[in-house]
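I have placed the structure first, in the form of structure tokens, so that the comments after it can refer back to it.
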2 protein chains.
Amino acid sequence: MVSSPASSTTDPVSDGPAFSPLYQQIKTLITRSLQAGEWRPGELIPSEVELAARYKVSQGTVRKAIDALADENLVVRRQGKGTFVATHSEQKIQFRFLRLMSDDGETGNVTRRVIDCRRLRAPADVSRALELKAGDPVVEVRRVMHFRGVPVVLDDIWLPGNLFKGLTGERLAEYRGPMYGMFETEFGVRMIRAEEQLRAVAADATASELLQVAQGAPLLSVERLSRTYDDKPVELRRGLYNTEAHYYRNELS
Amino acid sequence: MVSSPASSTTDPVSDGPAFSPLYQQIKTLITRSLQAGEWRPGELIPSEVELAARYKVSQGTVRKAIDALADENLVVRRQGKGTFVATHSEQKIQFRFLRLMSDDGETGNVTRRVIDCRRLRAPADVSRALELKAGDPVVEVRRVMHFRGVPVVLDDIWLPGNLFKGLTGERLAEYRGPMYGMFETEFGVRMIRAEEQLRAVAADATASELLQVAQGAPLLSVERLSRTYDDKPVELRRGLYNTEAHYYRNELS
DNA sequence: GAGTGGTCTAGACCACTGA
DNA sequence: CAGTGGTCTAGACCACTCG
């Protein structure tokens, strides 16, 4: 294994060789393999002993690297079976990114309706957020999510056009299940983490119509920037949530 | 060290002896000491070797227990110095519970003004949330937070009267810094984790006056239930945030 | 330099899964 | 039963802090 200093995503850019522990370097190597698609979402990755042999380190060091990856939800450990690449196409993981709950606890059936899907040159604010060049192509999607048949969420979504070639409203419409699941299986783009900015806003004409609320009614605005393995932004999403009978849940610790 | 199964907070109540690893048991013991005040917020706890000797386990096992406590923010590790009990009276930790950011990045000066503070018998919804008996005493606080002199947050707060004997509006008003810091130093009550429910609502007459916004203006409603070491609820808080120039930030991963 | 937490190793044993 | 991850130990060495 390399013993010279390796750069880490969290290392300061300042002076000094910036010591990086072995397990961090291993973690980086495994992450690269995940990013390169050596093991795909849902698949089994090599066992700890195998990886230890591959990288010429002890099993304990590999273990610590995988522990960190599991903490970040990049990977899921299953005792007796092995370690699997995390996937959005799993019942259990879905509500990690969809934090809306019904007041009565039951979330009920979720259905998604695509209102619009088009390709265009990125508006200034979108290209800035997605770190694209001005005028780069983006896919713009508008969709409504229904909970038990009632429209609750209106999403406007922008995706880098170069990463989502061939994405159309039809393909979106015919896909069952969460969008992020489709993105990872159909386009090889996996959303890893996201930052959200929440605000209360008044419903405009469009929102009023699509969410069936009065104009000016208070809506929860959720602006999300999603990133993939290397922290590159790959989705900008502006959501409007009707919180009459639902709430956005959050845990602080 | 005990070798028989020990109950953990996350153990299922189902059948079986429910195997609990040693480091979990150690973690529970350390948590009990924290709760009992053996080491107070901000103080140094015994070194890993000392604790290993005390509990008759290896240093590695103590290490894993402390790692878990550090992950939960109960404790802070400082290489070369030791491990410290986490405290809310620290610049660094303040924005763990206050997630409001200014649009321009700078949060600026935060000031707090107590509008009202009184003792009363808990209303039904409050006593239910705080798991009190109907009619138990609570302290009710109303306060406004100003960012750079502008009122942005209106909080209504309820605290179990038995835990906060002697809390008055005067004592609150004269205290500088975050409320949770005062709670831990003055009343020995430490907020560990909290669940929040976010909604968009319309400003009523009171909010409109105290936050200087139009009646009916959209406000972000944040209902928070805070818990202490043993997961007992110790605070219910209903906040109204003016998100004209601020947003509630959240990270998903 | 002594004391702290942080890393790395090697080996033993345990708990769980599935053929 | 073999193979996986999970726990626990003991010891060596490193990085950091402070007197």
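Quick note on labels: first sequence line is chain A, next is B, and so on, each numbered from 1.
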Which of these nucleotides, [options], is closest to any side-chain atom of [X]?
{"X": "B/R63", "options": "D/dT7, C/dT7, C/dA10", "value": "C/dT7"}
{"X": "A/L22", "options": "D/dT17, C/dG18, C/dC8", "value": "C/dC8"}
{"X": "B/E48", "options": "C/dT9, C/dT17, C/dG5", "value": "C/dG5"}
{"X": "A/S58", "options": "C/dT9, D/dT7, C/dT17", "value": "C/dT9"}
{"X": "A/S47", "options": "C/dT4, C/dG6, D/dT4", "value": "D/dT4"}
{"X": "B/R77", "options": "D/dT7, D/dT9, C/dG5", "value": "C/dG5"}

No-hydrogen, no-angle side-chain donor-acceptor test under 3.5 Å, B/Y180 and B/E235: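 Yes - a donor-acceptor pair under 3.5 Å links their side chains.
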Hey, are A/T61 and A/Y55 close enough side-chain-wise for a donor-acceptor pair under 3.5 Å?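 A/T61 and A/Y55 do not have a side-chain donor-acceptor pair below 3.5 Å.
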Taking any heavy-atom pair under 4.0 Å as a contact, classify B/R78: base, sugar-phosphate, or nothing.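 Touches sugar-phosphate only.
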Looking at every strand, decide which applies to A/Q79 at a 4.0 Å heavy-atom threshold: base, sugar-phosphate, or nothing.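 Touches a base.
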For [X] and [N], what is the distance between atoms [atom1] and [atom2] respectively, to the nearest whole Å?
{"X": "A/E50", "N": "D/dG5", "atom1": "CD", "atom2": "P", "result": "9 Å"}
{"X": "A/Q24", "N": "D/dC14", "atom1": "CD", "atom2": "C1'", "result": "17 Å"}
{"X": "B/I66", "N": "C/dT4", "atom1": "CD1", "atom2": "P", "result": "12 Å"}
{"X": "A/L51", "N": "D/dG3", "atom1": "CG", "atom2": "P", "result": "17 Å"}
{"X": "A/D67", "N": "D/dG5", "atom1": "CG", "atom2": "P", "result": "11 Å"}
{"X": "A/K56", "N": "C/dC8", "atom1": "NZ", "atom2": "C1'", "result": "17 Å"}
{"X": "A/Q59", "N": "D/dC8", "atom1": "CD", "atom2": "C1'", "result": "13 Å"}

Does a side-chain N or O of [X] approach OP1 or OP2 of [N] to a distance below 4.0 Å, or not?
{"X": "A/K64", "N": "C/dC8", "result": "no"}
{"X": "A/K81", "N": "C/dG18", "result": "yes"}
{"X": "B/T61", "N": "D/dT7", "result": "no"}

Nearest heavy atom decides the nucleotide; on that basis, is A/G60 or B/T83 closer to the 5' end of DNA chain C?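 The residue mapped nearer the 5' terminus is B/T83.
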Which is more 5' along DNA chain C, the nucleotide nearest A/Y23 or the one nearest A/G80? Just name the residue.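 Closest to the 5' end, via its nearest nucleotide, is A/Y23.
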Counting the benzene-type ring for Trp, do A/H88 and A/F97 have ring centres under 6.0 Å apart?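 So the answer is yes for these two rings.
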Look up atom OG1 in A/T31 and atom CD in A/E72, then write down how far apart they are to the nearest 0.5 Å.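 Here the interatomic distance stands at 7.0 Å.
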Between the axis at one end of the helix from C/dG1-D/dC18 to C/dG18-D/dC1 and the axis at the other (five pairs apiece), what's the angle to 10 degrees?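 Both end axes considered, the difference amounts to 10°.
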[atom1] ([X]) with more than 12 external heavy atoms under 6.0 Å:
{"X": "B/R113", "atom1": "CZ", "result": "no"}
{"X": "B/D104", "atom1": "CG", "result": "yes"}
{"X": "B/N109", "atom1": "CG", "result": "no"}
{"X": "A/R40", "atom1": "CZ", "result": "no"}

